[in-house]
Amino acid sequence: MLLTDWSHLLDNILPDESSEAYISDMFVRPLINALGFNQQELFPQFDTGNGRVDFAARKNVDSDIFALSRINPYLLVEVKAPATGAGAKITAVCDQIHHKKSYLIGSKNRPQ
């Protein structure tokens with residue numbers, strides 16, 4: 001899966017298939033898996049302490065299984081359906097950058 005053309009895969013998701021759930025299943029989960037995270041290292045709908053993101057992942061350390069402990073994720077993923085039109089895309093990206101900054105400072109993203 002590492003050699004997958006991710007851009008081509010994403011481009012082939014048709015507009016009527018572009019729900020966040022579909023993009024999660026067809027693109028995001030395979031990408032997270034290709035990055036080397038397994039099911040015990042992934043948690044959906046992760047509460048950052050300042051809101052939820054669609055996925056969080058962290059490599060397990062000894063007996064600390066991320067799917068169980070749910071602390072100190074390495075990766076936060078927020079899935080969004082594509083915006084339509086250039087203006088909508090720019091506005092959506094700016095809004096998301098501002099919104100996602102708050103996730104990064106959430107209490108569950110800080111070393112204990």
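Every heavy atom of this structure was used, including side-chain atoms; hydrogens, water molecules and symmetry mates were not.
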Open item on the list: Could you measure the distance from the CD1 atom of Ile65 to the CG atom of Asn38? Nearest 0.5 Å is fine.
Closed with: 8.5 Å
Open item on the list: On a heavy-atom basis, which atom in Leu76 and which in Val53 lie closest, and how many Å separate them?
Closed with: CD2-CG2, 3.9 Å
Open item on the list: Arg58 vs Asp64, test: salt bridge (Lys or Arg N to Asp or Glu O under 4.0 Å). Steps then yes/no.
Closed with: CA-CA 10 Å; Arg58 188 199 73 205; Asp64 180 10; 3.0 Å; yes
Open item on the list: Would you say that Arg29 contacts Leu42 through its side chain, given a criterion of any heavy-atom pair below 4.5 Å between the two side chains?
Closed with: yes
Task: Which atom of Phe66 lies closest to which atom of Glu41, heavy atoms considered - done: CD2-O, 3.5 Å
Open item on the list: Restricting to ring pair (Phe, Tyr, Trp, His ring centres under 6.0 Å), what partner residues turn up for Phe55, sequence neighbours left out?
Closed with: none
- [ ] Determine whether Asp54 and Val28 make a side-chain contact, defined as any pair of heavy atoms from C-beta on separated by less than 4.5 Å.
- [x] no
TODO: Start with the C-alpha distance between Leu35 and Leu75, add both sets of side-chain angles, then the distance that settles side chain to side chain contact (heavy atoms under 4.5 Å, CB included), and finish with yes or no.
DONE: CA-CA 10 Å; Leu35 291 172; Leu75 176 68; 4.2 Å; yes
Open item on the list: Show the nearest heavy-atom pair for residues Pro30 and Asp25, with the distance to one decimal.
Closed with: CD-O, 3.5 Å
- [ ] Measure the NZ-OG distance between Lys80 and Ser24 for me, rounded to the nearest 0.5 Å.
- [x] 10.0 Å
Open item on the list: Minimum heavy-atom separation for Gln45 and Arg52, please, with both atom names.
Closed with: O-NH1, 2.7 Å
Task: Donor-acceptor pair, side chain of Lys59 and main chain of Tyr74, under 3.5 angstrom - done: no
